[in-house]
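Worksheet for the structure shown next.
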Protein chains: 2
Amino acid sequence: MGSTLGRRLPVMADVAKEAGVSHQTVSRVLNDHPNVRSETRTRVLEAIDKLGYRRNLVARALVTRHSRTLGVVSFDTTLYGPASTVYGIEQAARAAGYFVSIVSLKSIDRAGVRDALDYLADQGVDGIVVVAPQRSAAQALADLPLGVPTVAVEGGEAGEVPVVCVDQFTGGRLATEHLLSLGHETVWHVRGPSDWLEAEGRVAGWRAALERAGREVPRPLAGDWSPRSGYEAGRSLASMKNVTAVFVANDQMALGVLRAFTEQGVRVPERVSVVGFDDIPESEFFSPPLTTIRQDFDAVGRHSIEVLVRLLEGGTEERERLVVPPTFVPRLSTARV
Amino acid sequence: MGSTLGRRLPVMADVAKEAGVSHQTVSRVLNDHPNVRSETRTRVLEAIDKLGYRRNLVARALVTRHSRTLGVVSFDTTLYGPASTVYGIEQAARAAGYFVSIVSLKSIDRAGVRDALDYLADQGVDGIVVVAPQRSAAQALADLPLGVPTVAVEGGEAGEVPVVCVDQFTGGRLATEHLLSLGHETVWHVRGPSDWLEAEGRVAGWRAALERAGREVPRPLAGDWSPRSGYEAGRSLASMKNVTAVFVANDQMALGVLRAFTEQGVRVPERVSVVGFDDIPESEFFSPPLTTIRQDFDAVGRHSIEVLVRLLEGGTEERERLVVPPTFVPRLSTARV
DNA sequence: CTCAGGGTTGTTAGCGTTAACAAAGAAGTG
DNA sequence: CACTTCTTTGTTAACGCTAACAACCCTGAG
């Protein structure tokens, strides 16, 4: 449409001519410069309105050296956690007047993260949020001497950039303490992949709670966050007679565990109690509804933008670390021994 | 870091001086212009390498009037469908050399869509993909006289822009025919919100299959895609004695239905068969594993970019409509009467 | 030997905006 | 009333790149 229209879009000079002022005055009006006579201002605004003028942000970015665009690097935005975090980021960024450009990685190795950051830097983003839940990603970030202000989400201990994350340790501890408080002798654990900082944090919290209570610490079963890996862990657990309580490192794997237990005739919570992690929207409707630890992904996303914007606008380079607490969500998958 | 460094980034002129050529020659090398002596080319490339020069894409965009950025407007990217679609879009766009800027809407009304499109147009995107599964969004799109090439995903019948979508009608038909083929007298339906085109398509496919088989068409139960609404529909269905087969319009609601059935002692698939829609990663591990209709969201996202890029680069304004077929995924939630 | 024609490079002029400075008028001060 | 100061506006010069054109060199045909 309009390919033969010929009328190019109006530019600032057109508005200026229409309003009988210089283009600089138009610029001043648009940028809320205080020293413009109100009569002139209205005349300019009318001209803008009449011509349907819209300022060219690319030209503006060239001269101001600010694109008002933030970059986001994330791993597999198909997963609930990253998707929710990115959603929070996007909402907060837009509210703060920034555009959001996204790179979603398939695998997170150092090269991948480096490429993504370069790519965004090329585009001229003013700042970057890296959702880096894996150790490799966090390290890649730590190594990179990047010229763009950056914030890591779930970035673990990496010291170079500010970090916003959920307190995984406390989450693991809460889950475990809940199960112990119900009278379980010990708590088994289906953990996430070892490269993930979140997985490590949950393991550590679980272990600490057991040790503090002076209980035996069983060997954790390995999972990869997928329902299938939970299912396989569940089959192993079902065959062990002494298992009465399991803390599963995420809700999806917990679903797999529940499925395996159902197949093997292991009743939850009558014979085994199960606690998950994340509180995905589905977990309330698992059979039975899943007791879990809620992560406020949305808050994490919002906070990361707050920190980044502060970095961009304030400029103070506080080496911040903002920790969002998880919350315990009791449902029906856990019971007294 | 580097705030006191003072050394500004190298620009094309710096490279030119370093290589002993004009900046235009540098530009030609970067743009793969054929008429550059290979010796000169290597000299320029060496200079680029030595100085760590990176071309300023903002300046380039200003003069070429192309930002190589595509905009995506989507509704609630927290949901599995939109998230997967956006993921596919992002991957395909990056592979085609485009950046992706995202706007995620909380509610899709005409004003919201209009704002999002304006917002992206201001930013100077070259093209836009609108994930518009609701009728209101599709209409908003149809009304808008936008100056930027646009493709709608799941956009229904809206005639102004090319559309890429999954064949919802066929999906609904497949689900229903499967249940009928198992000997069920008729099939009940838990539908999605009436504003959603996808919901309508599935209802229509379900109805058509029943009518073609000469069966009674029960009144569909209303849902809003959430597990909770499925749960509520499930409680209603559980109380009806004549229900033996249910087609639920998405997997999340199907989870709620399964939960309600479990609570009421209605066994699946022994007493009632259930079919879902979407094939989310969890559905294989529901109890029982859910028979469902798979939508290839990723393919939809990829196709939408293909169409858009063709529009941008070819320029032919074919009023395309690309339909991705759904596939039937048999699992254990359905059985013969 | 001359001249056309292609390959290769340089020069100049934008793209549409903001920044920096200059200029003119209004207003306040001794 | 002269002089400073503030407000308002305009003029000019970037920002870093590509497009258009000009200029030069080299080759080969007449």
Side-chain angles (χ1 to χ4, degrees), chain A residues 7-45 47-48 51-69 97 99 121-126 147, chain B residues 6-48 51-69 97 99 121-126 147:
Chain A
R7 271 180 61 77
R8 69 174 168 68
L9 293 171
V11 298
M12 210 171 253
D14 300 322
V15 176
K17 188 185 288 180
E18 176 73 29
V21 297
S22 75
H23 64 127
Q24 183 57 246
T25 298
V26 177
S27 173
R28 279 191 268 258
V29 169
L30 285 163
N31 293 315
D32 286 323
H33 190 96
N35 294 342
V36 177
R37 213 155 33 116
S38 71
E39 186 202 307
T40 315
R41 181 184 306 277
T42 55
R43 202 140 39 87
V44 169
L45 290 175
I48 287 175
L51 300 180
Y53 167 75
R54 321 213 67 179
R55 149 162 72 179
N56 182 326
L57 293 184
V58 173
R60 179 187 163 91
L62 178 61
V63 56
T64 61
R65 306 159 120 47
H66 296 300
S67 60
R68 294 207 73 83
T69 299
F99 299 93
D122 270 0
Q123 197 196 5
V125 297
D126 293 345
Chain B
R7 272 180 60 76
R8 67 176 169 67
L9 292 172
V11 298
M12 208 171 253
D14 300 321
V15 176
K17 188 186 286 179
E18 175 72 29
V21 297
S22 75
H23 65 129
Q24 183 56 247
T25 298
V26 178
S27 173
R28 279 191 268 257
V29 168
L30 285 163
N31 294 316
D32 288 321
H33 191 96
N35 295 345
V36 178
R37 218 160 24 120
S38 71
E39 187 201 308
T40 314
R41 182 183 304 275
T42 55
R43 203 140 39 86
V44 168
L45 290 175
E46 278 164 14
I48 287 175
L51 299 180
Y53 168 75
R54 323 213 66 178
R55 150 163 70 181
N56 182 324
L57 293 184
V58 173
R60 179 187 162 90
L62 178 60
V63 56
T64 62
R65 298 152 163 312
H66 296 300
S67 60
R68 294 207 73 82
T69 299
F99 298 93
D122 270 359
Q123 198 196 3
V125 297
D126 293 344

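Note that the structure is predicted; figures quoted are calculated from it, not measured. Lettering follows sequence order; numbering is per chain, from 1.
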Just by modelled atom types, is the [Y] backbone N or O under 3.5 Å from a matching donor or acceptor in the [X] side chain?
{"X": "A/Ser67", "Y": "A/Gly124", "result": "yes"}
{"X": "B/Asp126", "Y": "B/Arg68", "result": "yes"}
{"X": "A/Arg43", "Y": "A/Ala19", "result": "yes"}

- Item | Start and end of chain B contact along DNA chain D [non-hydrogen atoms, under 4.0 Å] |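 Nucleotide range in contact with chain B: D/dG16 to D/dA20.
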Give, for atom [atom1] of [X] and atom [atom2] of [Y], the distance between the pair rounded to the nearest 0.5 Å.
{"X": "B/Asn56", "Y": "A/Leu62", "atom1": "CG", "atom2": "CG", "answer": "6.0 Å"}
{"X": "A/Arg54", "Y": "A/Leu57", "atom1": "CZ", "atom2": "CG", "answer": "9.0 Å"}
{"X": "B/Thr25", "Y": "B/Arg37", "atom1": "OG1", "atom2": "CZ", "answer": "10.0 Å"}

In whole angstroms, how far is the [atom2] atom of [N] from the [atom1] atom of [X]?
{"X": "A/Met12", "N": "C/dT18", "atom1": "CE", "atom2": "C1'", "result": "8 Å"}
{"X": "A/Arg68", "N": "C/dT17", "atom1": "CZ", "atom2": "P", "result": "17 Å"}
{"X": "A/Leu51", "N": "C/dG16", "atom1": "CG", "atom2": "C1'", "result": "15 Å"}
{"X": "B/His66", "N": "C/dC15", "atom1": "NE2", "atom2": "P", "result": "16 Å"}

- Item | pair A/Asp32-A/Arg41: side-chain heavy atoms closer than 4.5 Å |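 Yes; the side chains approach each other to less than 4.5 Å.
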- Message: When you compare the side chain of B/Met12 with that of B/Tyr53, does any pair of heavy atoms fall below 4.5 Å?
- Response: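 Yes - at least one pair of side-chain heavy atoms lies under 4.5 Å apart.
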- Which parts of residues 30-47 of chain B get close to DNA chain D, meaning a heavy atom less than 4.0 angstrom away?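 Result for residues 30-47 of chain B: B/Asn31, sorted by number.
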- Toward the 5' end of DNA chain C, which comes first, A/Val63 or B/Val21, by nearest nucleotide?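 The 5'-side residue here is B/Val21.
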- Under 4.0 Å between a side-chain N or O of B/Thr25 and OP1 or OP2 of C/dG10?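 Yes, B/Thr25 has a side-chain N/O under 4.0 Å of OP1/OP2 on C/dG10.
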- Task: Just jot down the side-chain hydrogen bond (donor to acceptor under 3.5 Å, both in side chains) partners of B/Arg60, sequence neighbours excluded, or say none.
- Result: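 Listed in chain order: B/Asn31.
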- Query: Mapping A/His23 and B/Asn56 to their closest nucleotides on DNA chain D, which lands nearer the 5' end?
  - Reply: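 Result: A/His23.
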- Of all the nucleotides listed (C/dG14, C/dT9, C/dT11), which has the minimum atom distance to the side chain of B/Arg28?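 The nucleotide sitting nearest to the side chain is C/dT9.
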